[in-house]
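Here is the structure we will look at.
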2 protein chains.
Amino acid sequence: MADIKHFDPDATLDTVVRLFWRQGVATTGIQDIVNATGLNRSSLYATYGGKHELYRAALERYVQDRSRLGLLEEDDRGLPAITDFFTGLIETRCTGEFAGWGCMISNAHAGTENADPAVRAILDRQHQRLRTALHTALLSAQWQRQLAEDADPDSAADVLALLAHGVNLRSRAGADAQQLHRTVAAAITAVARRA
Amino acid sequence: MADIKHFDPDATLDTVVRLFWRQGVATTGIQDIVNATGLNRSSLYATYGGKHELYRAALERYVQDRSRLGLLEEDDRGLPAITDFFTGLIETRCTGEFAGWGCMISNAHAGTENADPAVRAILDRQHQRLRTALHTALLSAQWQRQLAEDADPDSAADVLALLAHGVNLRSRAGADAQQLHRTVAAAITAVARRA
DNA sequence: GGGATCTTGGAACGTTCGTTTCAAGATAGG
DNA sequence: CCTATCTTGAAACGAACGTTCCAAGATCCC
């Protein structure tokens, strides 16, 4: 029968994710991918198709592996869940290996990538996921009497979801982490029950 | 003496702004600019320098011509000024000639453009301008007793500034205008004096 | 109007782009 | 071990990239 692949497509895709995440799709060449993965062009095209399909696969992979949404979705503590979500988000955005990379989803919004309906579908899906997760957490907070009487979980979820995009964007321009922390804390405090 | 330019560099730069605004710098070629402006490559390079300098000039021009900040800065009505600012922003982002283009400043955050210190300086400067304008408007609102007692103009300005980035991003992915309006209204209501 | 000086048109520069091609190499079933 | 089948390496593809060059054209001062 046939030969098998001499590399791990999964590990390779992870490397590609980092390239597209940091540099964007337009400024990342096939040569960059070849250099970073050590793969040959033939293997790349045989495995993933073209550059565009590779980007889509990387974006899906990013959503699965790098999204911090999972933790929020499974955290029913209410406001503390939201606070921790944003705290971890800002930490990831501003320090460590991925500092200054922003969010691959947020970045995709600003580029020409989203002209592709498949890409736009991922962006919309992910935004809805974030909105829903925040909404659920806020409902949970309301149930636990953590919210102000006049707070509306629905609207607050929308606001916080857009706020996350703002955090992602500004972090890519090197925004100060503490400043972002303070801003997010203020937004959360705004819906919290007054002391 | 010498010849004069056979075109209007000002009008040309406006055309270039639209190209970079809509498509981004990486996916806009010199050929695109030549086609859109009708200029020759020689005239382009003699007038503006290279592509990168042209982008910087276009970004500065965008800030001067297209930013809606001026209205906010000169509006001392308090909360209504902020409401109108966001209303106009969303309208520009979602309908008319520039619908789906997002904000050139927000877009620049997500790309590789901001590797250039000069570009990043523009982004930071503009973010500070937005933050300051919102802060001033909120102080004005506080003075006019439009704010809730426990509202903090400083924090609220930070939140709303990040929110604007979120609006810009999501609008580029075709977000619903009414949905954005509702979200922004909720964020503003959160700091307003309760009825 | 002569001539110095800048602008313009258009071709060409070398490089890099994403993609394709094909022979050589590797694998697993018979 | 043979061979069908897939994978890999390396070269090459045409197109597009940003930029440069230079002759031809246009302008204002003297």
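Below, read A as the first sequence line, B as the second, and so on, with proteins coming before strands; counting in each chain starts at 1.
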**OP:** Within residues 45-60 of chain A, find the residues that approach DNA chain C with a heavy atom at under 4.0 Å, and present them sorted by residue number.
**Re:** A/Tyr45, A/Gly50, A/Lys51
**OP:** Scan residues 10-40 of chain B against DNA chain C and write down, sorted by residue number, each residue with any heavy atom closer than 4.0 Å; if none is found, say none.
**Re:** B/Asn40
Salt bridge check, [Y] against [X]: does any charged N sit closer than 4.0 Å to a carboxylate O?
{"X": "A/Arg125", "Y": "A/Glu60", "value": "yes"}
{"X": "A/Arg170", "Y": "B/Asp158", "value": "no"}
{"X": "A/Arg22", "Y": "A/Asp32", "value": "no"}
{"X": "B/Asp14", "Y": "B/Arg66", "value": "yes"}
{"X": "A/Glu113", "Y": "A/Arg120", "value": "no"}

Pairwise N/O distances under 3.5 Å, protein to nucleotides 12-14 of chain D:
none

**OP:** Take A/Thr87 and A/Glu91 through the test side chain to side chain donor-acceptor pair (under 3.5 Å) and record every step on the way to the result.
**Re:** CA-CA 6 Å; A/Thr87 300; A/Glu91 223 52 39; over 6 Å; no
Subject >> Candidate pair B/Gln31 and B/Asn35, rule side chain to side chain donor-acceptor pair (under 3.5 Å), full reasoning >> reply: CA-CA 6 Å; B/Gln31 188 61 49; B/Asn35 293 340; 3.0 Å; yes
Original post:
Does A/Leu169 sit in a hydrophobic cluster with other residues, and if so which ones, taking ILVMFWY side chains as linked at heavy-atom separations under 4.5 Å, directly or through other members?
Top reply: B/Leu169
[N] [atom2] sits how many Å from [X] [atom1], rounded?
{"X": "B/Asp8", "N": "C/dT7", "atom1": "CG", "atom2": "P", "result": "15 Å"}
{"X": "B/Phe7", "N": "D/dT27", "atom1": "CZ", "atom2": "P", "result": "14 Å"}
{"X": "B/Lys5", "N": "D/dG25", "atom1": "NZ", "atom2": "C1'", "result": "15 Å"}

**OP:** State whether the number of non-hydrogen atoms from other residues, nucleotides or ligands found under 6.0 Å of A/Arg145 atom CZ is greater than 12.
**Re:** no
Original post:
Out of curiosity, does B/Val184 fall in the hydrophobic cluster containing B/Leu69 (side-chain heavy atoms, cut-off under 4.5 Å, transitive links)?
Top reply: yes
Original post:
Same cluster or not: are B/Leu160 and B/Trp143 linked, directly or through other Ile, Leu, Val, Met, Phe, Trp or Tyr residues, by side-chain heavy atoms under 4.5 angstrom apart?
Top reply: no
Subject >> Phosphate-side-chain proximity, A/Ser43 and D/dT8, N/O vs OP1/OP2 below 4.0 Å >> reply: yes
Extract from the structure each pairing of a protein N or O with an N or O of nucleotides 26-30 of chain C at less than 3.5 Å, listing the distance.
unit_1 : atom_1 : unit_2 : atom_2 : d
C/dT27 : O4'    : A/Asp3 : OD1    : 3.1
C/dT27 : O2     : A/Met1 : O      : 2.7
C/dA28 : N3     : A/Met1 : N      : 2.7

Subject >> Closest heavy-atom pair and its distance - B/Ala108, B/Asn114 >> reply: O-CB, 3.9 Å
**OP:** Kindly state each residue pair satisfying ring pair (Phe, Tyr, Trp, His ring centres under 6.0 Å) with at least one member in residues 85-112 of chain B, sequence neighbours excluded.
**Re:** B/Trp21-B/Phe98, B/Trp21-B/Trp101, B/Phe98-B/Trp101, B/His109-B/His165
